[in-house]
Peer 1: 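Take a look at this one; I'll ask things after.
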Amino acid sequence: MIFLVGALAHPMLRMRLAPGAVEVEGLPGHTLQGGQGAGIAPDGWPALVPAQGRVPLWRTDWTPALTRYAHIFGLEPVAVAGRDILGVAVRAREGAGRWDPELAAALADHLLALPPDRPAEAVRARLPLIAAWVASTLRAARDSRDLPALGPAGDDRLQVLAVDEPYAEFFSVQEITLRHRRHRGGWTPEVLRAVFVSGDAAVVLPWDPLRDRVLLIDQFRAGPAARGDRQPWFWEAPAGRVDPTETPEQAVLREAIEETGLAIDRLIPGPHNYPSPGLLAEFLYLYVGIADLPDDVAGFGGLDTENEDIRSQLLPRAELTRMALAGQVRNGPLLSLALWLELNQQKIRMELGQDKPGLIP
């Protein structure tokens with residue numbers, strides 16, 4: 001018998017993992033510290049610390065779902081006052097923001113739906129990527145709720161019959177068996193589609209409207225190298241994956257600092273899009289970032305822990321436009337942002353109170 005606390009005692013997790021749990025007298029003389037990443041990251045659980053008051057407890061036997069879930073997260077009961085407490089860590093990780101029960105519940109559903117013979121340790125190693133993917137699915141549902149209708153009419157127009165994951169390492173590949181209504185009526189037969197799963201990403205093109213120049217980065221890319229491209233170093237805009245507990249805006253501000261050391265003053269939303277919807281389940285959030293770009297801002301960046309080798313360089317915005325129109329910008333997000341900025345730069349200037357570029361030495 002064990003006692004659930006914190007996130008595990010929240011109804012959105014408790015009803016999935018131990019629906020028969022019963023609330024009992026709380027644990028006196030303690031409080032929970034931290035835990036913003038509980039049920040999302042392996043090290044995101046709170047710690048029990050001495051304090052006045054009581055921590056709510058729910059008593060339960062081990063269930064198959066709770067056992068599998070605990071194994072994946074590496075959760076072990078902690079003995080406190082003669083009770084085995086589940087849902088706490090010896091030491092809480094420092095974290096910002098608030099705990100997200102919707103994400104924790106959706107992640108639990110995803111983890112429990114994985115093949116039971118998949119080793120818990122292997123799943124745990126991929127939890128950051130899995131959580132980012134689950135967060136992407138929640139974001140997709142919210143973002144697309146009010147879009148204009150397209151395709152066959154009606155809510156019952158897509159049936160997902162089975163989902164398999166034959167490859168799951170850093171990224172993964174899903175095989176989806178589905179059928180959908182046809183434009184001309186009726187249903188398709190059952191079809192199998194393979195999708196590359198990587199989660200959402202965010203991209204920012206830093207632009208100094210006073211100097212009318214942008215900051216680009218260049219780095220090596222494995223995809224073009226695998227294709228046999230003899231020029232696998234690309235001009236790009238700073239970009240990166242959206243972590244499960246952050247917004248696309250927070251992600252792109254973080255990436256700008258990590259890759260260039262640059263603090264963005266303001267984000268202007270650009271043309272968010274799916275770069276290749278027939279194959280990739282990746283959604284890109286594109287932004288123009290208003291920034292101060294003096295001559296000495298360019299340099300080298302990237303995280304050594306991620307083996308990033310990044311060089312940044314200043315370029316007149318007009319030169320970026322020329323390169324884009326000449327086919328010299330081969331990175332899709334940068335190409336989209338370059339052309340979008342060319343079309344919208346005057347409107348943005350007016351919103352910023354700048355009718356034309358200034359003269360800054």
Side-chain angles (χ1 to χ4, degrees), residues 96-97 128-129 131-133 135-136 170-171 198-209 211-226 229 231-273 275 280 282-317 319-321 323-324 328-341:
L129 271 297
W133 166 243
S136 298
F170 187 77
F171 296 123
S198 61
D200 294 344
V203 185
V204 61
L205 174 60
W207 175 47
D208 184 335
R211 298 177 176 91
D212 201 21
R213 59 189 182 188
V214 297
L215 183 73
L216 304 184
I217 64 174
D218 81 273
Q219 60 181 322
F220 171 81
R221 287 307 193 186
D229 198 308
Q231 182 49 268
W233 275 262
F234 275 57
W235 286 120
E236 299 182 352
R241 298 286 152 202
V242 181
D243 288 342
T245 56
E246 65 183 355
T247 65
E249 292 81 6
Q250 291 169 334
V252 84
L253 293 176
R254 171 180 54 77
E255 289 290 345
I257 292 175
E258 291 178 3
E259 296 188 352
T260 69
L262 182 66
I264 300 295
D265 297 327
R266 177 176 173 181
L267 290 174
I268 309 295
H272 307 331
N273 66 89
L280 305 179
E282 176 186 58
F283 191 79
L284 298 181
Y285 292 87
L286 304 188
Y287 301 91
V288 168
I290 306 302
D292 181 34
L293 301 178
D295 291 344
D296 60 354
V297 73
F300 300 95
L303 297 179
D304 291 340
T305 55
E306 297 181 7
N307 294 314
E308 291 180 322
D309 177 44
I310 295 173
R311 178 185 63 167
S312 57
Q313 181 170 320
L314 292 167
L315 204 67
R317 183 190 56 79
E319 174 62 11
L320 174 61
T321 301
M323 291 166 56
Q328 295 172 358
V329 176
R330 301 194 298 155
N331 172 269
L334 176 58
L335 178 62
S336 297
L337 280 168
L339 298 177
W340 184 87
L341 179 56

Peer 1: Tell me, please, which residues at least two apart from D218 pass side-chain hydrogen bond (donor to acceptor under 3.5 Å, both in side chains).
Peer 2: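 R311.
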
Peer 1: Please name all residues satisfying salt bridge (charged side-chain N to carboxylate O under 4.0 Å, His left out) with E319, sequence neighbours left out, ordered by chain then number.
Peer 2: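 Partners of E319 by the salt bridge (charged side-chain N to carboxylate O under 4.0 Å, His left out) criterion, ordered by chain and then number, come out as R322.
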
Peer 1: Quick one: CD1 on I290 to CD1 on I268, what's the gap to the nearest 0.5 Å?
Peer 2: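 It comes to 5.0 Å.
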
Peer 1: Only counting residues at least two apart or in another chain, list the ones meeting ring pair (Phe, Tyr, Trp, His ring centres under 6.0 Å) with W340.
Peer 2: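 Applying ring pair (Phe, Tyr, Trp, His ring centres under 6.0 Å) to W340 gives none.
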
Peer 1: Does a side-chain heavy-atom distance below 4.5 Å link Q313 with W235?
Peer 2: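 Contact flag for Q313/W235 side chains = yes.
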
Peer 1: Could you walk me through whether R211 and L314 pass the side chain to side chain contact (heavy atoms under 4.5 Å, CB included) test, one step at a time?
Peer 2: CA-CA 11 Å; R211 298 177 176 91; L314 292 167; over 6 Å; no

Peer 1: Is it the case that the side chain of D243 and the backbone of T245 share a donor-acceptor pair, with hydrogens and angles ignored and the cut-off at 3.5 Å?
Peer 2: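 Such a contact is absent between D243 side chain and T245 backbone.
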
Peer 1: If you round to the nearest 0.5 Å, how far is CG of L320 from CG of L315?
Peer 2: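 It comes to 6.0 Å.
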
Peer 1: Only counting residues at least two apart or in another chain, list the ones meeting salt bridge (charged side-chain N to carboxylate O under 4.0 Å, His left out) with D265.
Peer 2: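 Partners of D265 by the salt bridge (charged side-chain N to carboxylate O under 4.0 Å, His left out) criterion come out as none, since no residue qualifies.
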
Peer 1: What's the separation between atom CG in L284 and atom CG in L280, rounded to the nearest 0.5 Å?
Peer 2: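 It is 9.0 Å, given to the nearest 0.5 Å.
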
Peer 1: Can you tell me how far the CG atom of L216 sits from the CG atom of L205, to the nearest 0.5 Å?
Peer 2: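 L216 atom CG to L205 atom CG measures 6.5 Å (nearest 0.5 Å).
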
Peer 1: Taking side-chain contact (heavy atoms from CB on, under 4.5 Å) as the criterion, tell me which of V204, L286, I264 meets it with V252.
Peer 2: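 With V252 as partner, V204, L286, I264 yield a single side-chain contact (heavy atoms from CB on, under 4.5 Å), made by V204.
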
Peer 1: Counting N and O atoms only, with roles assigned by atom type, does the side chain of D208 sit under 3.5 Å from a partner on the main chain of L293, one being a donor and the other an acceptor?
Peer 2: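 Flag set: sc D208 to bb L293 pair under 3.5 Å.
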
Peer 1: Shortest non-hydrogen contact from G199 to S136?
Peer 2: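 Nearest pair, atom of G199 first, then S136: CA-OG, 3.5 Å.
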
Peer 1: Would Y287 and H272 count as a side chain to side chain contact (heavy atoms under 4.5 Å, CB included) here? Give the steps.
Peer 2: CA-CA 8 Å; Y287 301 91; H272 307 331; 4.0 Å; yes

Peer 1: Drop me the distance from L129's CG to F170's CZ, to the nearest 0.5 angstrom.
Peer 2: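 The distance works out to 4.5 Å.
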
Peer 1: With S198, which residues qualify under side-chain hydrogen bond (donor to acceptor under 3.5 Å, both in side chains), at least two apart?
Peer 2: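 side-chain hydrogen bond (donor to acceptor under 3.5 Å, both in side chains) check on S198 returns R241.
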
Peer 1: To the nearest 0.5 Å, what is the distance between CZ (F234) and CG (L334)?
Peer 2: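 Atom-to-atom, F234:CZ and L334:CG are 11.0 Å apart.
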
Peer 1: Scan residues 244-263 for pairs that pass ring-ring contact (aromatic ring centres under 6.0 Å, His included), counting only residues two or more places apart or in two chains.
Peer 2: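 Every candidate ring-ring contact (aromatic ring centres under 6.0 Å, His included) pair involving residues 244-263 fails, so no pair, neighbours aside, qualifies.
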
Peer 1: On a heavy-atom basis, which atom in A202 and which in P248 lie closest, and how many Å separate them?
Peer 2: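 Shortest heavy-atom contact: CB-O, 3.6 Å.
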
Peer 1: Go through the structure and list residues passing ring pair (Phe, Tyr, Trp, His ring centres under 6.0 Å) with F283, not counting sequence neighbours.
Peer 2: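 F283: ring pair (Phe, Tyr, Trp, His ring centres under 6.0 Å) contacts with Y274, Y285.
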
Peer 1: Could you pull out the closest heavy-atom pair between P238 and E259, with the gap in Å?
Peer 2: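 Heavy-atom minimum between the residues: CA-OE1, 3.1 Å.
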
Peer 1: How close do A132 and P244 get, counting heavy atoms only, and between which atoms?
Peer 2: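 So the two residues come closest at N-CB, 3.8 Å.
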
Peer 1: Might you point out which heavy atoms bring V297 and S312 nearest each other, and give the distance in Å?
Peer 2: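 Between these two residues, the closest heavy atoms are O-OG, 4.3 Å.
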
Peer 1: Not counting sequence neighbours, which residues clear side chain to side chain contact (heavy atoms under 4.5 Å, CB included) with A239? List them please.
Peer 2: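 For A239 the side chain to side chain contact (heavy atoms under 4.5 Å, CB included) partners, ignoring immediate neighbours, are V203.
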
Peer 1: Report the residues that fulfil side-chain hydrogen bond (donor to acceptor under 3.5 Å, both in side chains) with R254, sequence neighbours left out, ordered by chain and then residue number.
Peer 2: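 Partners of R254 under the side-chain hydrogen bond (donor to acceptor under 3.5 Å, both in side chains) test: E246, E258.
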
Peer 1: Please identify each residue that fulfils side-chain hydrogen bond (donor to acceptor under 3.5 Å, both in side chains) with R221, with sequence neighbours left out.
Peer 2: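 side-chain hydrogen bond (donor to acceptor under 3.5 Å, both in side chains) check on R221 returns E236.
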
Peer 1: For residues A338 and T321, report the shortest heavy-atom separation together with the two atoms involved.
Peer 2: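 Answer, listing the atom of A338 first, then T321: O-OG1, 4.4 Å.
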
Peer 1: Can you name the side chain to side chain contact (heavy atoms under 4.5 Å, CB included) partners of L335, sequence neighbours left out?
Peer 2: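 Listed in chain order: A324, V329, L339.
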
Peer 1: Name all residues meeting the salt bridge (charged side-chain N to carboxylate O under 4.0 Å, His left out) criterion together with R317; count only those two or more places apart in sequence or in a different chain, and write none if there are none.
Peer 2: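 Once residues adjacent in sequence are excluded, the partners of R317 under the salt bridge (charged side-chain N to carboxylate O under 4.0 Å, His left out) criterion are D212, E342.
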
